[in-house]
Amino acid sequence: MDHEKLADLLFPEIDKTPEDYENIYPPRELPEGAKVTRLGPSPTGFMHLGNLYGAFVDERLAHQSGGVFYLRIEDTDDKRYVEGAVDVIIDSLEYFGIAFDEGAAKDGEHGAYGPYTQSERGEIYRAMAKYLVKNGAAYPCFMTEEEIASMRETQQKAQAAPGVYGEYAKCRDLSYDDVKERIDAGQSWVLRLRSDGDPDEPAEIKVKDAIRGMLTMPENCQDVVILKANGIPTYHFAHVVDDHLMRTTHVVRGEEWLSTLPIHVELFSKMGWRRPVYCHTAQLMKLDENGNKRKLSKRKDPELRLGYYKEMGYHPAAVREYLLTLLNSNYEEWRASHPDADIDDFPFTTKKMSTSGALFDINKLNDVSKDTLVKISAEDLFAFMLEWAEEYDPETASILRGRESYVGPILDLGRSGKKPRKDFVNAPQMFDYISYFFDERFEIRDEAPEEVRGDEKAILEKYLETYDQSDDQNDWFGKIRGIAESLGYAARPKDFKKEPDRYKGHVGHVSQVIRIAVTGRAQSPDIWEIQQILGEKRVRERVRAFADSFE
RNA sequence: GCCCCGUUGGUCAAGAGGUUAAGACGCAGCCCUCUCACGGCUGAAUCAUGGGUUCGAUUCCCGUACGGGGUACCA
């Protein structure tokens, strides 16, 4: 068999060789140790948490080492292409602070290693495929779908491994004339790798994984398809060609690729190229609908969809912070000792990554979010909340718009000092938390405590009599103590605790009535401070109205 | 079915052949306190399982169970 002739028959229009491309895409000139990573999403328009998770690893690895992080669109599966998907990918990652240095972009492409869209790299793949054919490492296969299906049946009966290999690889040794005849007859063909693996006794190969350590697996022995009938490469071939030519040093991808790794190993060796370092990440999981502690990775789970966090009003910094705690087990410790450090200063390493899938924990996200938001200025929080509302809650947006100077101090209530309040989790929750500051949203939500039953009106009337907006906090509370005592309540909670029979209740119960009158709820930050913001007129109105509701 | 990866409290997890098996979230209780939050303290709760190897194994080896992934001209 003359491989050279076969190669020309199969790829008559290709005159470039791998060397040509080596020259077009020379090794990158980067500082020692710089890593080149990439994100290779398929343009389905659906991004999930896992994509972000992986993108973080890519981004950190590259930028921490002074390397390059680029975006490559892997659209070799034409059936799945969704219009506008590239913009979605870029936008949703940008929201979480992930930016690419190179590759596909909204305004075209940037970089010297393009094209960065696989559907535009056809000639390159074909040239590389031609090279393989020339070396006898690949061959055309004319098996039809039906043939393959029946072959699989046979294999099943024989309890043999499925796939095209060994004796099942019928087209492996077709003669040149045979091939030519079939092609001339218009038969469609795919290009298969001629695997060197021994199907009977596959040798053991060892591959180092930056996350998992040394992996031991059987060598590949399948004659996998590398070019489909339509001339488009499969993922396996595109991965090998692109990551070599784009000079990727570290391939970060999900663990679902682990079992096809031997194919990639063989392809790299057949091409005579050095492999990148593989980093196979664990998959993110969740609890199932029944609350069972089952791990699963359904793509459709709403909280796995990336847009979900934006819609739910989670601040991107909080999501980033949370993801990092999942990503690197020592992150929380680092954060605790560097509370104000920039997140990018954290020394990220693949060695500290978990090899088992983490369950997404909304509780933890909420907690991390509280800690994150407490460090953000009221000004920025307001902008964030408004921006969220403009997109997802127009009514709230209309309330907030233009009221920054009013809302700022509200957001800062109790947030200063050594023990700042950590009340805020996400945008809608933040607004709800402060909504009583807006007359159009003010409502009485909670009931006064039992201890004051029957005394509500008296408490509120007395409060109105003594209320003076210009009192300082001590004077103000002193007056409430006075009211409490005059009505038979303990001026101090401790007195009440000591002698519960002597009093109806204590000053806390009394002030609770006032709290509800002013805020509508049983829990709030400091009432005095709230009243300073609300202004005397509104305070009096609200107290009056609440007093009048008791007869 | 076969192949690959994984399994430390409810969750995220550190960890090493001999430890009282860290820490965080959540939960319970207490303290602080005009409520809540914050903060502080205390507590309940873990090495999937059966065999080996070993003086000793949660840690190493083998099997089992469970979970995840693959087994495509999807990625």
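Reminder, nothing fancy here: chain letters follow the sequence lines and each chain counts from 1.
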If you measure from the [atom1] atom in [N] to the same atom in [M], how many Å do you get, rounded?
{"N": "B:rC36", "M": "B:rG43", "atom1": "P", "result": "24 Å"}
{"N": "B:rA72", "M": "B:rA65", "atom1": "P", "result": "24 Å"}
{"N": "B:rC25", "M": "B:rA37", "atom1": "P", "result": "15 Å"}
{"N": "B:rA57", "M": "B:rG50", "atom1": "C1'", "result": "14 Å"}
{"N": "B:rA44", "M": "B:rA24", "atom1": "P", "result": "15 Å"}

Using a heavy-atom distance cut-off of less than 4.0 Å, which residues of residues 514-523 of chain A contact RNA chain B? A:R515, A:A522, A:Q523
Listed in order of residue number, which residues of residues 325-335 of chain A have a non-hydrogen atom at under 4.0 Å from RNA chain B? A:L326, A:S329, A:E332
Please evaluate the base of B:rC25 for a donor-acceptor partner in the side chain of A:N366 within a cut-off of under 3.5 Å? no
Does A:R481 get its side chain close enough to the base of B:rC34, under 3.5 Å, for a donor-acceptor pair? no
Reading RNA chain B 5' to 3', what string of ( ), [ ], | and . shows its pairs, if Watson-Crick and G-U wobble pairs count only when both distances fall under 3.5 Å? (((((((..(((.....[....))).(((((.......)))))....(((((..]....))))))))))))....
Residues which pass ring-ring contact (aromatic ring centres under 6.0 Å, His included) with A:Y165, listed by chain and number, not counting sequence neighbours: A:Y168
Run the salt-bridge test on [X] and [Y] with the 4.0 Å N-O cut-off and return the result as yes or no.
{"X": "A:K422", "Y": "A:D371", "result": "yes"}
{"X": "A:R415", "Y": "A:D412", "result": "yes"}
{"X": "A:D243", "Y": "A:R72", "result": "yes"}

Restricting to pairs with a member in residues 217-227 of chain A, which pass side-chain hydrogen bond (donor to acceptor under 3.5 Å, both in side chains), not counting sequence neighbours? A:Y139-A:D223, A:R172-A:D223, A:N220-A:E266
Can you tell me how far C1' of B:rA37 sits from CE of A:M430, to the nearest Å? 15 Å
Rounded off to whole Å, could you give me the CD-to-P distance for the A:E256 and B:rG6 pair? 15 Å
Heavy atoms under 4.0 Å is the rule here; annotate nucleotides 39-45 of chain B 5' to 3' with B where the base is hit, S where only the sugar-phosphate is, and - elsewhere. S------
